[in-house]
Amino acid sequence: MKHKRNTSVSVYFALLFSSGMLVAFYLQHFPRILFYLYIALSSLSFTLYAYDKWQAKRGGWRTQESTLHLFALLGGWPGAAMARQYLRHKSSKPSFRTKYWFSILINVSALFWLYTPSGAKYLMQLSSIM
């Protein structure tokens, strides 16, 4: 099944990203506020996926896909990757997968941009928050 392989790729990418973020944080090359935001948003994303799966099983009120994508875009995509893999939720719908990967691309691109000369001033501002 192709979609399970794609989901696994997102988990490996999330683990690689999270490991790199953790190393950068400990080496003090990653702002504390961003580190905590990624953890909080990933935890919240996982919880939203779990709640949506639970609601889907019981026929209850579902979380909008746009909400799931928004949290992934803002930095919760590592938690969303874990939820998609381990809860087997939202892993087979092609349009959802495309938007999900697009949100990851935008988020990671924005993070890399912060480490460019034009984004460095914003990175410094983030670093001074905490």
Side-chain angles (χ1 to χ4, degrees):
M1 294 187 136
K2 190 174 180 180
H3 71 274
K4 286 185 181 180
R5 185 172 149 219
N6 287 339
T7 303
S8 296
V9 168
S10 69
V11 168
Y12 294 133
F13 185 62
L15 290 173
L16 180 65
F17 175 85
S18 298
S19 298
M21 181 180 65
L22 184 62
V23 168
F25 174 74
Y26 280 116
L27 294 175
Q28 299 180 348
H29 296 295
F30 198 84
R32 196 179 322 189
I33 186 75
L34 276 182
F35 181 76
Y36 294 140
L37 278 172
Y38 270 101
I39 291 171
L41 289 168
S42 288
S43 299
L44 185 55
S45 287
F46 189 96
T47 302
L48 284 170
Y49 273 79
Y51 178 75
D52 189 53
K53 173 103 182 193
W54 178 69
Q55 288 289 58
K57 285 182 175 180
R58 63 186 287 266
W61 191 265
R62 304 284 303 278
T63 304
Q64 290 184 347
E65 286 186 359
S66 60
T67 301
L68 297 174
H69 289 308
L70 176 63
F71 279 94
L73 175 69
L74 294 175
W77 65 266
M82 298 301 170
R84 290 180 68 233
Q85 175 69 29
Y86 297 111
L87 301 174
R88 298 282 187 230
H89 191 53
K90 297 291 187 184
S91 59
S92 62
K93 188 176 177 184
S95 64
F96 187 89
R97 283 195 325 258
T98 300
K99 291 174 187 170
Y100 166 78
W101 278 105
F102 190 63
S103 67
I104 292 172
L105 178 65
I106 292 171
N107 178 269
V108 172
S109 297
L111 180 62
F112 281 129
W113 174 78
L114 287 173
Y115 285 90
T116 66
S118 60
K121 66 180 177 181
Y122 300 104
L123 186 63
M124 293 297 282
Q125 289 175 349
L126 285 171
S127 297
S128 68
I129 291 174
M130 290 182 84

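The model shown is predicted, which means the values in this text are computed figures rather than measured ones. The first residue in the sequence is number 1, and the count goes up from there.
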Count the heavy atoms belonging to other residues, nucleotides or ligands that lie under 6.0 Å from OH of Y122, then report whether that count exceeds 12.
no

With a 4.5 Å limit on heavy-atom distance, are the side chains of F17 and I104 in contact?
no

Between L87 and F46, is there a side-chain heavy-atom distance shorter than 4.5 Å?
yes

Counting distance only, does the side-chain N/O of Q55 pair as donor-acceptor with the main-chain N or O of R62 below 3.5 Å?
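No: the side chain of Q55 does not pair with the backbone of R62.
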
Would you confirm whether S42, through its side chain, and I39, through its main-chain N or O, come within 3.5 Å as a donor-acceptor pair?
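Judged by distance alone, no pair lies under 3.5 Å.
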
Do [X] and [Y] belong to the same hydrophobic cluster, where Ile, Leu, Val, Met, Phe, Trp and Tyr are linked whenever their side-chain heavy atoms lie under 4.5 Å apart, directly or via other members?
X	Y	result
I33	L22	yes
L27	Y36	no
L111	V23	no
L34	Y115	yes
M124	F112	no

Just list the side-chain donor-acceptor pairs under 3.5 Å for residues 66-82, sequence neighbours left out, or say none.
{"unit_1": "S66", "atom_1": "OG", "unit_2": "Q64", "atom_2": "OE1", "d": "3.3"}
{"unit_1": "W77", "atom_1": "NE1", "unit_2": "N107", "atom_2": "OD1", "d": "3.0"}

When rounded to the nearest 0.5 Å, the distance separating CG of L114 from OG of S109 is 11.0 Å

Interatomic spacing from OG in S43 to OH in Y38 - rounded to 0.5 Å
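The OG atom of S43 sits 14.0 Å away from the OH atom of Y38.
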
Which heavy atom in [X] sits nearest to a heavy atom in [Y], and how many Å separate them?
X	Y	value
F35	F30	N-CE2, 3.4 Å
T116	W113	OG1-O, 2.6 Å
Y51	T63	CD2-OG1, 3.8 Å

Under 30°, 30 to 60°, or over 60°: which ring-plane class applies to F96 and Y49, parallel, tilted or perpendicular?
perpendicular

With sequence neighbours excluded, tell me which residues meet side chain to side chain contact (heavy atoms under 4.5 Å, CB included) with A110.
none

As a quick check of understanding, evaluate side-chain contact (heavy atoms from CB on, under 4.5 Å) for F102 and I106, giving each step before the final call.
CA-CA 6 Å; F102 190 63; I106 292 171; 3.3 Å; yes

